[in-house]
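Written below as structure tokens is the structure these notes are about.
Quick caveat: nothing in here was measured; it's all calculated off a predicted structure. FYI, the numbering just counts along the sequence from 1.
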Amino acid sequence: MSSEGLLKITDPSVMRALAHPARIAIMDHLSATGEDATATECAEMVGLSPSATSYHLRALAKAGLIEDAPSRGDGRERVWRARTRGWSLEIGPDGGSEARAAENAVAGVFLAQGDERVRRWLSRSHDETTQWVDAALMSEFGIVITADELTALTDKMAELLEPYKVSQRQDVPSDARRVTCQIRAVPVD
């Protein structure tokens, strides 16, 4: 694992370690921002007590996803950092039932969190500026496409988004906000 680049997670035990909303939220923050954080700081992000968050941090560390960061002062606080700037699940077509179940568990948590972010936006959108309401997008496009064309399309979308990723953006404008950009491109029955 490196502190730069994307970690491809293939081990079902690591996937199971991620399969919790608090752990995915912690990983999202630590890996996307590159910032170090204590259990107390992570607890504020995930809405749990510092002791419960500490448990989740230790589970992520045991799975090799985060590690101790240098102390910020007198050494009484344990500081954590991600071991990579991003991650993806990669079980491949030959993954066994254990790997598929672990991947589905993580994907389920990930999708639920994405849906919840959209619901929170909808509940507060009436308090937002017209500019942000007009800029936001929720849409579904039915397309007819081959697997190769879909790969090319999703590669282009990823390329377009790359400069705006939290982990990549250097000169962030003062009026910029963190935005969730969810793209789901899956065949339908």
Side-chain angles (χ1 to χ4, degrees), residues 1-11 14-15 17-19 21 23-37 45 60 63-67 81-95 99-100 102-122 125 128-189:
M1 287 182 252
S2 72
S3 60
E4 298 297 320
L6 186 68
L7 170 66
K8 294 183 181 184
I9 300 172
T10 59
D11 183 340
V14 176
M15 291 181 201
L18 272 172
R23 293 178 192 171
I24 288 180
I26 290 166
M27 282 300 299
D28 179 46
H29 175 76
L30 294 178
S31 64
T33 65
E35 296 174 2
D36 301 343
M45 282 185 311
L60 290 169
L65 296 169
I66 66 172
E67 63 189 1
R81 69 174 167 212
R83 295 187 66 200
T84 182
R85 291 300 301 263
W87 53 273
S88 68
L89 305 180
E90 304 276 337
I91 65 163
D94 299 326
R100 284 192 302 277
E103 179 185 51
N104 286 341
V106 174
V109 172
F110 184 75
L111 289 169
Q113 285 185 326
D115 289 347
E116 181 56 29
R117 287 180 180 131
V118 172
R119 283 187 193 94
R120 285 195 311 264
W121 161 254
L122 289 172
S125 63
E128 292 286 345
T129 66
T130 302
Q131 184 179 14
W132 279 106
V133 171
D134 290 347
L137 171 69
M138 279 195 317
S139 185
E140 182 172 336
F141 305 94
I143 58 177
V144 178
I145 197 165
T146 68
D148 288 341
E149 290 169 332
L150 182 57
T151 298
L153 177 61
T154 57
D155 287 349
K156 285 178 188 174
M157 289 188 294
E159 184 180 330
L160 285 170
L161 294 171
E162 188 66 23
Y164 303 102
K165 288 170 113 182
V166 174
S167 62
Q168 300 298 320
R169 189 97 193 240
Q170 299 299 316
D171 298 319
V172 179
S174 62
D175 62 340
R177 293 169 67 178
R178 190 166 176 176
V179 171
T180 183
C181 184
Q182 302 174 21
I183 300 170
R184 299 174 186 176
V186 297
V188 294
D189 293 336

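- In terms of modelled atom types and a separation under 3.5 Å, the side chain of Arg85 and the main chain of Ser31 share a donor-acceptor contact.
- Arg119 meets the salt bridge (Lys or Arg N to Asp or Glu O under 4.0 Å) test with no other residue; sequence neighbours excluded.
- Residues satisfying the salt bridge (Lys or Arg N to Asp or Glu O under 4.0 Å) criterion with Arg169, sequence neighbours excluded, are absent altogether.
- Taking Ser88 as the reference, Glu90 meet the side-chain hydrogen bond (donor to acceptor under 3.5 Å, both in side chains) condition, with sequence neighbours excluded.
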With a cut-off of 3.5 Å and sequence neighbours excluded, list every side-chain donor-acceptor pair involving residues 134-150.
{"unit_1": "Thr146", "atom_1": "OG1", "unit_2": "Glu149", "atom_2": "N", "d": "3.0"}
{"unit_1": "Thr146", "atom_1": "OG1", "unit_2": "Glu149", "atom_2": "OE1", "d": "3.3"}
{"unit_1": "Glu149", "atom_1": "OE1", "unit_2": "Thr146", "atom_2": "N", "d": "2.9"}

Derivation and outcome, side chain to side chain contact (heavy atoms under 4.5 Å, CB included), residues Leu30 and Leu60: CA-CA 11 Å; Leu30 294 178; Leu60 290 169; 6.0 Å; no
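- Screening residues 171-181 for salt bridge (charged side-chain N to carboxylate O under 4.0 Å, His left out), with sequence neighbours left out, gives Asp28-Arg178, Glu128-Arg177.
- The CD atom of Glu116 sits 12.0 Å away from atom OG1 of Thr180, with the distance rounded to the nearest 0.5 Å.
- With sequence neighbours left out, Glu162 forms a side-chain hydrogen bond (donor to acceptor under 3.5 Å, both in side chains) with Lys165.
- Side-chain N or O atoms of Arg81 include none that pairs as donor or acceptor with a backbone N or O of Glu35 at under 3.5 Å.
- Judged by distance alone, the side chain of Gln168 and the main-chain N or O of Val166 form no donor-acceptor pair under 3.5 Å.
- The two residues Leu122 and Ser125 have their closest heavy-atom pair at O-OG, 3.2 Å.
- The salt bridge (Lys or Arg N to Asp or Glu O under 4.0 Å) test applied to Lys8 returns no partner, not counting sequence neighbours.
- The closest side-chain heavy-atom distance from Leu65 to Ile9 is below 4.5 Å.
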For Trp132 and Val179: C-alpha separation, side-chain torsions, deciding distance, then whether side chain to side chain contact (heavy atoms under 4.5 Å, CB included) applies. CA-CA 11 Å; Trp132 279 106; Val179 171; 4.0 Å; yes
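- Residue pairs meeting the side chain to side chain donor-acceptor pair (under 3.5 Å) criterion with at least one partner in residues 150-159, sequence neighbours excluded, do not occur; the list is empty.
- For Asp36, there are no salt bridge (Lys or Arg N to Asp or Glu O under 4.0 Å) partners, not counting sequence neighbours.
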Using distance only, find each side-chain donor-acceptor pair of residues 104-115 under 3.5 Å and give its atom names and separation, not counting sequence neighbours.
{"unit_1": "Asn104", "atom_1": "ND2", "unit_2": "Arg100", "atom_2": "O", "d": "3.4"}
{"unit_1": "Gln113", "atom_1": "NE2", "unit_2": "Pro21", "atom_2": "O", "d": "2.7"}
{"unit_1": "Asp115", "atom_1": "OD1", "unit_2": "Arg184", "atom_2": "NH1", "d": "3.3"}
{"unit_1": "Asp115", "atom_1": "OD1", "unit_2": "Arg184", "atom_2": "NH2", "d": "2.8"}

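- Considering only heavy atoms from C-beta on, Trp87 comes within 4.5 Å of Leu18 through its side chain.
- Between Leu7 and Arg83, the closest side-chain pair of non-hydrogen atoms is not below 4.5 Å.
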